[in-house]
Number of protein chains: 4
Amino acid sequence: MRHEKVDVIFQAAVQVFAESGFDQAKMDDIAQAAGVAKGTIYYHFKSKEELFVGLMNEGMKRLIDCARRSIAVHDSPAEQLKALLHAHVHFFIQNEKLAKLVLNEAFGTKERQQQFRAKIREYLNLIQEILQKGMETGEFQLEHPQETASAVFGAASVVVLQKIYSLEQYGTQASVEAKIPAMIDSLQRVFFSGLTNHKT
Amino acid sequence: MRHEKVDVIFQAAVQVFAESGFDQAKMDDIAQAAGVAKGTIYYHFKSKEELFVGLMNEGMKRLIDCARRSIAVHDSPAEQLKALLHAHVHFFIQNEKLAKLVLNEAFGTKERQQQFRAKIREYLNLIQEILQKGMETGEFQLEHPQETASAVFGAASVVVLQKIYSLEQYGTQASVEAKIPAMIDSLQRVFFSGLTNHKT
Amino acid sequence: MRHEKVDVIFQAAVQVFAESGFDQAKMDDIAQAAGVAKGTIYYHFKSKEELFVGLMNEGMKRLIDCARRSIAVHDSPAEQLKALLHAHVHFFIQNEKLAKLVLNEAFGTKERQQQFRAKIREYLNLIQEILQKGMETGEFQLEHPQETASAVFGAASVVVLQKIYSLEQYGTQASVEAKIPAMIDSLQRVFFSGLTNHKT
Amino acid sequence: MRHEKVDVIFQAAVQVFAESGFDQAKMDDIAQAAGVAKGTIYYHFKSKEELFVGLMNEGMKRLIDCARRSIAVHDSPAEQLKALLHAHVHFFIQNEKLAKLVLNEAFGTKERQQQFRAKIREYLNLIQEILQKGMETGEFQLEHPQETASAVFGAASVVVLQKIYSLEQYGTQASVEAKIPAMIDSLQRVFFSGLTNHKT
DNA sequence: CATGAATGAGGCTTCATTCAT
DNA sequence: AATGAATGAAGCCTCATTCAT
């Protein structure tokens, strides 16, 4: 079992990194949030960078595991994609801080950001595999699985984040949870039926 | 010319901000890239923050104008959405630096980031209007135009950015331009037909 | 006749120097207050330092002239000291900004401050001469004219300044002018009768 | 010892602030004078301003305590005023740096300077109380205790400071200490007997 | 004479990291 | 294992001064 303090620090670090971004996040704040001395962080992590990378690896691993589990219980690619969208939305909402990190800290040129994107690519591959299997079985009609996987990931992520920030801004007490059905519905409609009216 | 230096600084700032992110970007680097003294930047902009905000306002304004123009030449919402996706992809590729800023610097809690999102919301509203008009004309089948607008924006943005970083990483000389058709095609397929095979 | 702009700049500079102190005073502020461009100041004065020195010379010259004039109309040293106290209080109130400069900017180790004190010493000498003449005529009873001159200057200056700042702080509309009699009376009583009750 | 460094920094700061004034004083110089790294100062004090305020609070507290002690051993207001003048001169000479700060940095409009004057007012109140008690007992003849308190403070402070700078300027090795009797005598004569010859 | 855009040296402050306890 | 005082490199910003117009 990992050392108890490591977890405490992890918890605190996600909070602080998500609130302030990597650069603005201060080791002091993380230490205070974790209730440990600053030195203690350096006893367990070589540097701020390493702490961040550890954090993000852990988080992305959990996202990918979560996605895998939700996929595993279905056979058809269509059902799997549906389940993945469902899982993605729920995970991003239950792990709001991590979700913010994904959009905030994954698209730069720094080493840690490239590592972040490497993890994201793992996740994208997962999506891509579903799409490709669907192409093979004839369930899906598409020609560019890689680009489409990005579209799925981008759409699902931005829908949730945009909603979170939207509610935060208006200071409404309305919980994001109440909006889950609308978000999932929108995403599933888009990716399954498209927007145009096929009945005509 | 009155604002000769201001433009030079703007150009340099986009480069540096996009390469390093707001926090890592050094005013020294921007000055050097612009070929002016550091003080000159402060003669024209009150602070790093203001320079950034001016930059992103200008950039988002251009994106929104570009989108508006591409929409204006079409009547049906379906054609307009198609044109918007097309314009978005082209704009993000031609303004790669700004595109990176959107995903890097727009989703935090800082004041400047909220201003950034306010501008993005303007753009989202543009998309949402198209969707709503389509709902009224019966061309579009959807229930949550706001969420769906986020999905459109997220999908289109991430598809392009992911492609850009992907090519950068492998150091291939393959130009992003060559991938434009695949990206646009993927997006249009998703949002128009959806992924599932309706022929069945 | 001196150039018109020089006076305008002088006026503005006293204000700004008095409000902010030499170091915090910005040439920009002086220029704006004077309604001229910054370059114009440098056309007339070699540097901030020189502007300050010119200013203070001019101001101290006026104080000394004012004191001399008030002394000239009296013959006895006692009457002269009385007149000088009177003149000092009035001058400090009518030239509040200069008065502030005296206490703010005259007691440091910088070159300009030593020049300032040299001017003040001129003024102190004037006081000292009165005291010495009084010693000779037997009107005054004192042994250390130099130290006593400092006491006169210090008492008179601080009484006025302390009053000015006192009224400023409480934001009262009460004019300093209304307090002139009390201030002059206090000073004259101290230096003429002392505080102890001689009637006993 | 817990606050070892804080004291060292305090000592160094008084020196540097007194020599250069608040604005010209460089944190680098204070750090060097204290023999600590610049960061160490900021570990203990939030800013240059706070360091200064802490310093002057401490200094004025010591001056006021010193005055109180010298007063406490006497009963009659006259004896008390005499003792206070004596104590003031000695304190200003033994704490020359602080004395310079009083005249250099207490009479501006900045927040820190107003705090400084608030402390000075505490001291002035002490003087004023003596004067008022003397008025009640009939020992003192005066009508404006507040203005007179300013006169006492101003006279005593300027007498000492003027002497210090005077000796510094002529580079004489003559110690200020040798002039103490002359200064105290002048002040006591002024405030007790006044300057005019009452024998006539 | 007057202007004001441009400069760049210099200062305050921050904060990741270290290390003696 | 844990602490937190100390460090110093690095960055943002200010502003007196210059100079081409």
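The chains referred to below are lettered A, B, ... by the order of the sequence lines, with proteins before strands, and numbering in each begins at 1. Computation of the quantities below employed the complete heavy-atom set of this structure, encompassing side-chain atoms and omitting hydrogens, waters and symmetry-equivalent molecules.
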Tell me, please, which residues at least two apart from [X] pass salt bridge (charged side-chain N to carboxylate O under 4.0 Å, His left out).
| X | result |
| --- | --- |
| B:Lys119 | B:Glu122 |
| B:Glu49 | none |
| C:Lys110 | none |

Taking atom P in both F:dT21 and E:dC1, what distance in whole Å separates the two?
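Per the computed distance, 22 Å lies between those P atoms.
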Could you check how far [atom1] of [X] sits from [atom2] of [N], rounded to whole Å?
| X | N | atom1 | atom2 | answer |
| --- | --- | --- | --- | --- |
| B:Ile41 | F:dC15 | CD1 | C1' | 16 Å |
| C:Phe52 | F:dT17 | CZ | C1' | 19 Å |
| A:Phe45 | E:dA16 | CZ | P | 15 Å |
| B:Ile9 | F:dC13 | CD1 | P | 14 Å |

Close N or O pairs between protein and nucleotides 18-21 of chain F (under 3.5 Å):
none

Secondary-structure string, 5' to 3', Watson-Crick or G-U under 3.5 Å, | for another-strand partners, for DNA chain E:
.||||||||||||||||||||
Decide yes or no on side chain to side chain contact (heavy atoms under 4.5 Å, CB included) for B:Leu63 and B:Phe92, but give the supporting numbers first.
CA-CA 9 Å; B:Leu63 169 59; B:Phe92 261 44; 4.1 Å; yes
Compare the minimum distances between each of E:dT13, E:dA16, E:dT3 and the side chain of A:Lys48, then state the nucleotide with the smallest one.
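Of the candidates, E:dA16 comes closest.
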So if I take every side-chain heavy atom of D:Lys5 and compare against F:dA6, F:dG4, E:dA2, which nucleotide ends up nearest?
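The closest nucleotide is F:dA6.
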A:Phe22: ring-ring contact (aromatic ring centres under 6.0 Å, His included) partners, not counting sequence neighbours:
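Partners of A:Phe22 under the ring-ring contact (aromatic ring centres under 6.0 Å, His included) test: A:Phe17, A:Phe52.
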Contacts of D:Phe10 meeting ring-ring contact (aromatic ring centres under 6.0 Å, His included) (sequence neighbours excluded), chain-then-number -> D:Phe45
Contact list please: residues 12-32 of chain A against DNA chain E, heavy atoms, distance less than 4.0 Å, in numerical order.
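Of all residues in residues 12-32 of chain A, the ones placing a heavy atom under 4.0 Å from DNA chain E are A:Ala25, A:Lys26, A:Met27.
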Output a table of donor-acceptor pairs, distance under 3.5 Å, between side-chain atoms of residues 34-41 of chain B and any protein atom two or more places apart or on a different chain; print 'none' if there are none.
unit_1  : atom_1 : unit_2  : atom_2 : d
B:Lys38 : NZ     : B:Asp28 : OD1    : 3.3
B:Thr40 : OG1    : B:Ala37 : O      : 3.3

B:Glu96: which residues meet the side-chain hydrogen bond (donor to acceptor under 3.5 Å, both in side chains) condition with it, sequence neighbours left out?
B:Lys100
Test side-chain hydrogen bond (donor to acceptor under 3.5 Å, both in side chains) applied to C:Gln169 - qualifying residues, sequence neighbours left out
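side-chain hydrogen bond (donor to acceptor under 3.5 Å, both in side chains) check on C:Gln169 returns D:Arg121.
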Does the distance from a Lys or Arg side-chain N to an Asp or Glu carboxylate O, for B:Arg112 and B:Glu105, drop under 4.0 Å?
yes
Please check the phosphate of E:dC1 (OP1 and OP2 only) for any side-chain N or O of C:His44 closer than 4.0 Å.
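For C:His44, the contact criterion (side-chain N or O under 4.0 Å from OP1 or OP2 of E:dC1) is not met.
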Starting from the 5' end of DNA chain F, give me the residue, D:Val36 or C:Glu49, whose nearest nucleotide shows up first.
D:Val36
On DNA chain E, compare the nucleotides closest to A:Ser47 and C:Gly35; which residue's is nearer the 5' end?
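Mapping each residue to its closest nucleotide by heavy atoms, the 5'-most match is C:Gly35.
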Just jot down the side chain to side chain contact (heavy atoms under 4.5 Å, CB included) partners of B:Glu19, sequence neighbours excluded, or say none.
B:Gln15, B:Lys97
